Every structure is written in C-alpha cells, then in structure tokens.
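Reviewing the structure listed below.
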Amino acid sequence: MLIRKIYDTLYETYGEQNWWPHDTVLEVAIGAILTQNTAWRNVEKAINNLKREGLLDGKKLLSVSDDKLKELIRPAGFYNQKAERLRSFLKYLYKKGGCLKKINDDTKKIRNELLQIKGIGKETADSILLYAMDRPVFVVDAYTRRVLRRHNIIKEKADYETIQSLFEQNLPKDVSLYKEYHALLVKLGKEHCRSRNPQCGTCPLKILFMTD
DNA sequence: TTCCGGCGCC
DNA sequence: GGCGCTGGAA
C-alpha cells in the first residue's frame with residue numbers, strides 16, 4: 001500500500017536518520033518545544049547552552065531566573081514564549097513525579113494533559129510522546145502535510161488527526177517505524193519537497209507516482 | 001490571520 | 001535583503 005511504499009522508498013534512498021540525538025529524554029522534550037517553527041541548528045545551540053550551564057535538569061532549569069533562561073535559549077528564537085512554555089512543561093512534569101520515564105498513564109491521557117499546557121500543541125505533544133516517551137504516535141508536521149498534498153493523497157484542508165490516522169491505520173504500531181518515517185519525511189521536505197522551488201525532477205518518490 | 005524572533009542560506 | 005525553519009496562541 002502507498003503509505004508503506006513511500007516509507008520503503010525513502011528509507012532506501014536516505015537510510016537511517018538517527019533521530020533524535022540526546023543524552024537524556026528530558027533533553028528530547030525540551031528540544032521539541034524549542035524547535036517550534038525553528039531550524040534544528042539553532043535549537044542545538046540553545047540546548048548546548050543549557051548543557052554547558054548544567055541546566056539540563058528539570059529542577060535546576062525551573063530555578064534559574066527568567067532572564068537567564070531567555071538568554072540561554074535565545075538562539076532558538078521566540079525566546080519569550082519558549083521560556084514560558086518550558087516552565088509550563090516542567091511544572092507539569094513535576095506534578096507527574098518529575099520523570100518522563102516513570103509516567104505510566106495511557107498515551108491518550110498523557111496526550112490530553114500535554115495539550116492542556118499552554119504552548120504545547122498537537123505536533124509538539126506527539127513529538128514528546130514519540131521521541132521522548134516511546135509511545136506509538138505518528139507526528140504530523142508541515143513537511144508531512146506538504147508531501148501528501150503535492151501527491152494529492154490528502155485534501156487541502158485535511159486536519160491533523162485525519163492525516164495522523166492515515167499513517168497509523170496503514171502501518172504497524174511500531175515506535176521505531178514512526179520515528180524513522182517522520183524523520184525521513186523531514187529529510188524529503190528539506191531536500192526535495194521544499195515549499196519554494198521544489199526538486200520534483202530528482203524526487204525519490206517520483207517513481208511511485210508516474211502514471212504512464 | 002497575525003504575531004512571536006534569531007539564525008543561516010539564496 | 002528576503003525567506004523558511006522538525007508551531008502555537010489569540
């Protein structure tokens with residue numbers, strides 16, 4: 001089926017993407033918030049700043065001053081809102097015991113709780129669930145939408161959950177597969193399926209959509 | 001729909 | 001100097 005074929009083709013073309021590099025899972029969740037509408041390169045700078053200050057720890061990060069936090073995450077942009085978003089998330093985390101790994105609630109419950117946090121929307125919530133908590137949730141982002149749109153697989157106004165279930169219902173419920181697929185779509189979106197000046201001539205998916 | 005924003009690339 | 005970046009809120 002198509003959804004599977006797209007994955008196989010992308011995997012054969014690009015290989016393992018190795019998302020998402022980290023020392024701790026908290027770092028993954030923090031990265032998920034910092035990377036909102038932001039190039040990963042800039043998020044890395046911010047995370048390295050936090051690491052250098054020894055602040056990649058929930059309690060320490062919550063105790064740092066607002067100005068200091070903003071200064072450290074500044075390279076990731078939107079630093080005023082992101083500082084607040086990080087604090088909101090960390091407060092939630094501590095209400096839940098302070099450790100992502102020890103949260104044993106079912107995925108839907110956690111997702112709903114994450115979505116209540118101001119500054120965490122569907123994509124960020126699902127990124128945290130998938131990449132930091134190893135829950136089988138497919139992450140839908142702008143690249144995903146664009147790739148599917150350009151191949152006419154979804155409607156113009158298809159909403160988040162519709163796209164998400166398209167993947168989840170056509171793939172085995174496999175965390176590693178979901179992680180890899182999303183990473184591969186991002187790779188495709190950067191290399192070929194760009195918003196501007198798309199490289200359709202060399203698109204690895206071209207062979208799947210040739211009609212003659 | 002618009003704002004939030006630093007950063008690197010064309 | 002303009003544009004897009006592993007979005008979300010109002």
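Predicted model, so just to flag it, every value in this text is computed and none were measured. The chains referred to below are lettered A, B, ... by the order of the sequence lines, with proteins before strands, and numbering in each begins at 1.
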Original post:
Is A:K118 near enough to C:dA10 that one of its side-chain N or O atoms lies under 4.0 angstrom from OP1 or OP2?
Top reply: yes
Original post:
Below 4.0 angstrom, N of the basic side chain to O of the carboxylate: do A:D66 and A:K70 qualify?
Top reply: yes
**OP:** Among C:dG8, B:dG5, C:dT6, find the nucleotide with the atom closest to the side chain of A:F78.
**Re:** B:dG5
Subject >> Within residues 185-195 of chain A, residues whose heavy atoms come under 4.0 Å of DNA chain C >> reply: A:K190, A:S195
**OP:** May I have the distance from A:K70 (atom NZ) to B:dG6 (atom P), rounded to whole angstrom?
**Re:** 13 Å
Original post:
Contact class for A:E123 vs. all strands (heavy atom < 4.0 Å): base, sugar-phosphate, or nothing?
Top reply: sugar-phosphate
**OP:** Test side chain to side chain contact (heavy atoms under 4.5 Å, CB included) on A:C203 and A:L188 and set out the steps.
**Re:** CA-CA 8 Å; A:C203 178; A:L188 179 70; 4.1 Å; yes
**OP:** Using a 4.0 Å heavy-atom cut-off across all strands, classify A:A183 as base, sugar-phosphate, or nothing.
**Re:** nothing
Original post:
Run the side chain to side chain contact (heavy atoms under 4.5 Å, CB included) check on A:H22 and A:Y131 step by step: do they pass?
Top reply: CA-CA 10 Å; A:H22 63 275; A:Y131 288 101; over 6 Å; no
**OP:** Select from A:W19 and A:I120 the residue whose nearest nucleotide in DNA chain C is closer to the 5' end of that strand.
**Re:** A:W19
Original post:
Are the aromatic ring centres of A:W40 and A:W19 under 6.0 angstrom apart?
Top reply: no
**OP:** Take atom P in C:dA10 and the same atom in B:dG5, then report the distance between them in whole Å.
**Re:** 14 Å
Original post:
In whole angstrom, what separates A:N80's CG from C:dA9's P?
Top reply: 16 Å
Original post:
Over how many whole Å does the gap from A:E44 atom CD to C:dC5 atom C1' extend?
Top reply: 13 Å
Subject >> Rounded distance (Å) that lies between atom P of C:dG8 and atom NZ of A:K122 >> reply: 10 Å
Original post:
Can you name the nearest heavy-atom pair linking A:L72 to A:P75, along with the distance?
Top reply: O-CD, 3.5 Å
Original post:
Who pairs with A:R41 by salt bridge (charged side-chain N to carboxylate O under 4.0 Å, His left out), at least two apart in sequence or on another chain?
Top reply: none
Original post:
Quick one: A:I117 CD1 to C:dG7 P, roughly how many Å, whole number?
Top reply: 18 Å
**OP:** Assign A:T38 to base, sugar-phosphate, or nothing according to its heavy-atom contacts below 4.0 angstrom with the strands shown.
**Re:** base
Subject >> A:R4 and A:M1, any side-chain heavy atoms less than 4.5 Å apart >> reply: yes
**OP:** Kindly state which residues belonging to residues 131-170 of chain A come within less than 4.0 angstrom of DNA chain C, counting heavy atoms of the residue only, listed by number.
**Re:** A:Y143, A:R146
Original post:
In whole Å, what separates the P atom of C:dG4 from that of B:dT2?
Top reply: 15 Å
**OP:** Name the orientation class of the two ring planes belonging to A:Y181 and A:Y7 (parallel below 30°, tilted from 30 to 60°, perpendicular beyond 60°).
**Re:** tilted
Original post:
For A:K82 and C:dC5, what is the distance between atoms NZ and P respectively, to the nearest whole Å?
Top reply: 13 Å
Original post:
Contact class for A:L115 vs. all strands (heavy atom < 4.0 Å): base, sugar-phosphate, or nothing?
Top reply: nothing
Between N or O atoms, less than 3.5 Å apart, protein on one side and nucleotides 8-10 of chain B on the other: list the pairs.
residue	atom	partner	partner atom	Å
B:dG8	OP1	A:K45	NZ	2.4

Subject >> Atom-pair distance (CZ on A:R196; C1' on C:dC5), nearest Å >> reply: 13 Å
Subject >> Between C1' of B:dC7 and CD of A:Q36, the distance in whole Å >> reply: 17 Å
Original post:
Are A:E156 and A:R146 ion-paired here, with the side-chain N under 4.0 Å from a carboxylate O?
Top reply: no
Original post:
Quick one: ring-ring contact (aromatic ring centres under 6.0 Å, His included) partners of A:H151, sequence neighbours excluded?
Top reply: A:F209
Original post:
Among pairs that include at least one residue of residues 167-186 of chain A, which meet salt bridge (charged side-chain N to carboxylate O under 4.0 Å, His left out), considering only residues two or more places apart or in two chains?
Top reply: A:D134-A:K179
Original post:
Could you walk me through whether A:I6 and A:I153 pass the side chain to side chain contact (heavy atoms under 4.5 Å, CB included) check?
Top reply: CA-CA 12 Å; A:I6 292 175; A:I153 298 170; 3.9 Å; yes
**OP:** Please state the P separation for the pair C:dT6 and B:dC3 - nearest whole angstrom.
**Re:** 23 Å
**OP:** Flag the pair A:K51 and A:E27 as a salt bridge only when some basic side-chain nitrogen lies within less than 4.0 angstrom of an acidic carboxylate oxygen.
**Re:** yes
Original post:
So, is A:Y79 near the phosphate of B:dG6, with a side-chain N or O under 4.0 Å from OP1 or OP2?
Top reply: yes
